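Before any comments, here is the structure.
Numbering of ligands and ligand atoms starts at 1, following listing order. These figures come from a predicted structure and were not determined experimentally.
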Amino acid sequence: MTGRKMKIAVLKGDGIGPEVVESARSVLLAAAEKNSLGLDLIDLPIGFEAYKTYGRTLPPETVRGMEECNGWVLGPLSAGAYPKDDKDYPMASGKIRKAFDLFANIRPIRSLVEKSDKAIDLVIVRENTEDFYPDRNLFKGYGEFWPNEDTVLSLRVITRRACKRISETAFELARTRSKKNLVTAVHKSNVLVEGDGLFLEEVRKTAKNYHDIRLNEGLVDSIGMQLVMTPESFDVLVTTNMFGDILSDVAAAKIGGLGLAPSLNSGEKYAMAQAVHGSAPDIAGKNVANPTAEILSTAMLLEWLYSKYGDEAIRRTALSIDEAVRNVLSDGNSLTVDLGGAASTEKFTSTIIDRIKKERAR
Ligand code: NAD
């Protein structure tokens, strides 16, 4: 082993969480061993598992354990299905994003096999700490109000600081990708005149500092259609929290579904791998879930750790994972059911691990 040992928390989550996170863990361990990266993986309870022991879905013990790690791998959570007496109701992952200031949710949508000029390679950069999300848009309390039996008010919060930070993240990312050098700002400023007006003001201000990157702007409804019709025309998209959440599921449909859509939640100090998909209760426990999204989210976490710590072994481990996943998907001999194959989650995972073990040293 060379370099610094990385301490990574593993939080399995609910539904298919334990299956896809176990897969990501074993792929991570195999790639780390191949590339001489020292790893210390710490299991921490979250979701229903934590509720059974601690009476809450995000116990302080878990939060303390997370603080001591360099990064976290989180499985999906059955948010919304938690008991109302859970102190962390309705959403542990929202609490984590807010508490650790994970302001950027980076959601790449890539054709993992297709090589033609129709291949999709875009990234949705989604603000993660405010907007229509009532569990994180107030300092205290919940951002939805029920003044009488027939009326509910949902509060939307948009701040200049959050818009500035997410714009800068998007432009920096566009620069490092060297693809189309294009950022598309997605908004609804014809209706949300002030909130999205402020968002656009900050995006445009940021754009002035990036002369090498073009700025395109579009209404969320029209961009939704374009993502379906010409997804290959996009590079980086930057948007507010709710629009980013919806658009990433839409775009995932164009590359083969949610099983292939990874994401990273990141801030200045911490980052968390977390697939775009939810806990998929319809297939939980059946050993059929596609773990690709969780595995590639873990590779994204490694890339973030490399940018922070600069250890080559971390970068090589991320590359190993990415390459092995692409190769197994291109071979097409061991695909999960959502991709038209018959391989179980475990079989797909062991095929990736075999591939990592066989690859040449970097
Ligand atoms: P979902 O993403 O769990 O599932 C949508 C569909 O995609 C289902 O048919 C499911 O079987 C399929 N799918 C999802 N991931 C897959 C995978 N890896 N492999 C194969 N198929 C996969 O969305 P949902 O059903 O709307 O939500 C279920 C639960 O997940 C809800 O409690 C919701 O609140 C929660 N949720 C959590 C997160 C998160 O923790 N990040 C995100 C979205 C939804």
Side-chain angles (χ1 to χ4, degrees), residues 10-24 27 46-51 57-58 62 72-84 86 88-98 102 105-107 109 112 124 126 128-129 132-136 241-242 244-266 271-298 300-301 325 328-329 334-349 352:
V10 177
L11 304 107
K12 292 196 283 276
D14 306 309
I16 59 170
E19 296 159 77
V20 294
V21 171
E22 186 49 42
S23 167
V27 169
I46 195 163
F48 277 118
E49 182 200 4
Y51 180 79
T57 52
L58 182 64
T62 293
W72 320 313
V73 175
L74 174 65
L77 300 170
S78 292
Y82 293 148
K84 289 244 163 69
D86 166 27
D88 305 303
Y89 180 88
M91 190 146 80
S93 83
K95 273 201 152 181
I96 294 173
R97 291 170 189 188
K98 184 76 180 177
L102 304 178
N105 188 200
I106 313 292
R107 296 185 153 188
I109 302 286
L112 292 167
I124 294 174
R126 165 195 178 201
N128 221 8
T129 57
F132 270 122
Y133 285 71
D135 60 339
R136 67 200 82 160
N241 200 345
M242 182 78 83
D245 199 10
I246 296 167
L247 290 181
S248 46
D249 274 37
V250 171
K254 301 297 291 182
I255 55 155
L258 284 172
L260 299 178
S263 102
L264 185 76
N265 299 277
S266 63
M272 174 169 79
Q274 183 186 25
V276 169
H277 62 72
S279 58
D282 51 337
I283 56 167
K286 296 183 178 162
N287 196 17
V288 295
N290 183 349
T292 303
E294 194 70 34
I295 295 171
L296 292 180
S297 303
T298 307
M300 288 179 74
L301 173 64
V325 168
V328 170
L329 291 173
S334 178
L335 298 179
T336 45
V337 179
D338 56 317
L339 302 179
S344 65
T345 309
E346 283 169 1
K347 171 70 185 149
F348 179 76
T349 306
I352 294 172

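Ranked by closest heavy atom to atom 20 (C) of ligand 1, the top entry among Thr345, Ile283, Thr336 is Ile283. The heavy atom nearest to atom 38 (C) of ligand 1, considering only Gly278, Ser263, Gly94, is found in Gly278.
At a 3.5 angstrom cut-off on N or O pairs, Ala280 counts as close to ligand 1. Checked by distance only, ligand 1 and Leu77 come closer than 3.5 Å through their nitrogen or oxygen atoms. Any N or O atom pair closer than 3.5 Å counts here, and Val20 shares no such pair with ligand 1. Remark: ligand 1 and Ser93 share no N or O pair separated by less than 3.5 Å (distance only, no angle test). Checked against a 3.5 angstrom limit, the closest N/O atoms of Ala289 and ligand 1 fall outside it. Polar contact check, Asp338 against ligand 1: no nitrogen or oxygen pair lies under 3.5 Å apart.
Heavy atoms only, all atoms of each residue included: Val73 and Glu294 are closest at CG1-OE2, 3.5 Å. Shortest non-hydrogen contact noted between Ala24 and Thr298 is CB-OG1, 3.7 Å. Across every non-hydrogen atom of Phe348 and Ser334, the tightest pair is CD1-O, 3.0 Å. Nearest heavy atoms, Val20 versus Ala289: CG1-CB, 3.9 Å. Minimum interatomic distance between Arg97 and Gln274 (heavy atoms only, all atoms of both residues): NH2-OE1, 2.7 Å. Minimum heavy-atom separation, Gly244 to Arg107: O-NH1, 4.2 Å.
Neither the backbone nor the side chain of Ala81 comes within 4.0 Å of ligand 1, counting heavy atoms alone. Neither the backbone nor the side chain of Ala293 has any atom closer than 4.0 Å to an atom of ligand 1 (non-hydrogen atoms only). For Asn290, heavy-atom contacts with ligand 1 shorter than 4.0 Å involve the backbone as well as the side chain. Contacts between Val276 and ligand 1 below 4.0 angstrom, taking non-hydrogen atoms only, involve the backbone exclusively. Contact annotation for Gln274 and ligand 1: only side-chain heavy atoms (C-beta onward) come within less than 4.0 Å of the ligand.
Each of Thr345, Thr292, Thr349 was checked for a side-chain hydrogen bond (donor to acceptor under 3.5 Å, both in side chains) with Ser23, and the lone residue meeting it is Thr349.
Checking Tyr89 against Asp135 by side-chain atom types alone, no donor-acceptor pair falls below 3.5 Å.
Taking Phe48 as the reference, Tyr82 meet the ring pair (Phe, Tyr, Trp, His ring centres under 6.0 Å) condition, with sequence neighbours excluded. For Ser279, the side chain to side chain contact (heavy atoms under 4.5 Å, CB included) partners two or more places apart in sequence, or in a different chain, are Asp14, Pro76, Ser78, Pro281.
The main-chain N or O of Leu264 is found under 3.5 Å from a side-chain atom of Asn105 such that the two form a donor-acceptor pair.
Atom 30 (O) of ligand 1 is flagged as protein-proximal [any protein heavy atom, distance under 4.0 Å]. Distance remark: protein heavy atom not present below 4.0 angstrom from atom 24 (P) of ligand 1. Within a 4.0 Å radius of atom 9 (O) of ligand 1, the protein has at least one heavy atom.
The closest protein non-hydrogen atom to atom 16 (C) of ligand 1 is Ile16 CD1, 4.0 Å. Nearest protein heavy-atom contact of atom 7 (O) of ligand 1 is Leu258 CD1, 3.9 Å.
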How far apart are the C-alpha atoms of Tyr133 and Asp245, what are their side-chain angles, what is the distance that settles it, and do they pass the side chain to side chain donor-acceptor pair (under 3.5 Å) test? CA-CA 11 Å; Tyr133 285 71; Asp245 199 10; 2.9 Å; yes
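Within ligand 1, the atoms closer than 4.0 Å to a non-hydrogen atom of Pro281 are 28 (C), numbered from 1 in the order shown. Listed by atom number, the atoms of ligand 1 under 4.0 Å from His277 heavy atoms are 2 (O), 14 (C), 15 (N), 18 (N), 38 (C), 39 (C), 41 (N), 42 (C).
At least one heavy atom of Ala79 lies less than 4.0 angstrom from ligand 1. The closest approach between a heavy atom of Leu74 and any atom of ligand 1 is not below 4.0 Å.
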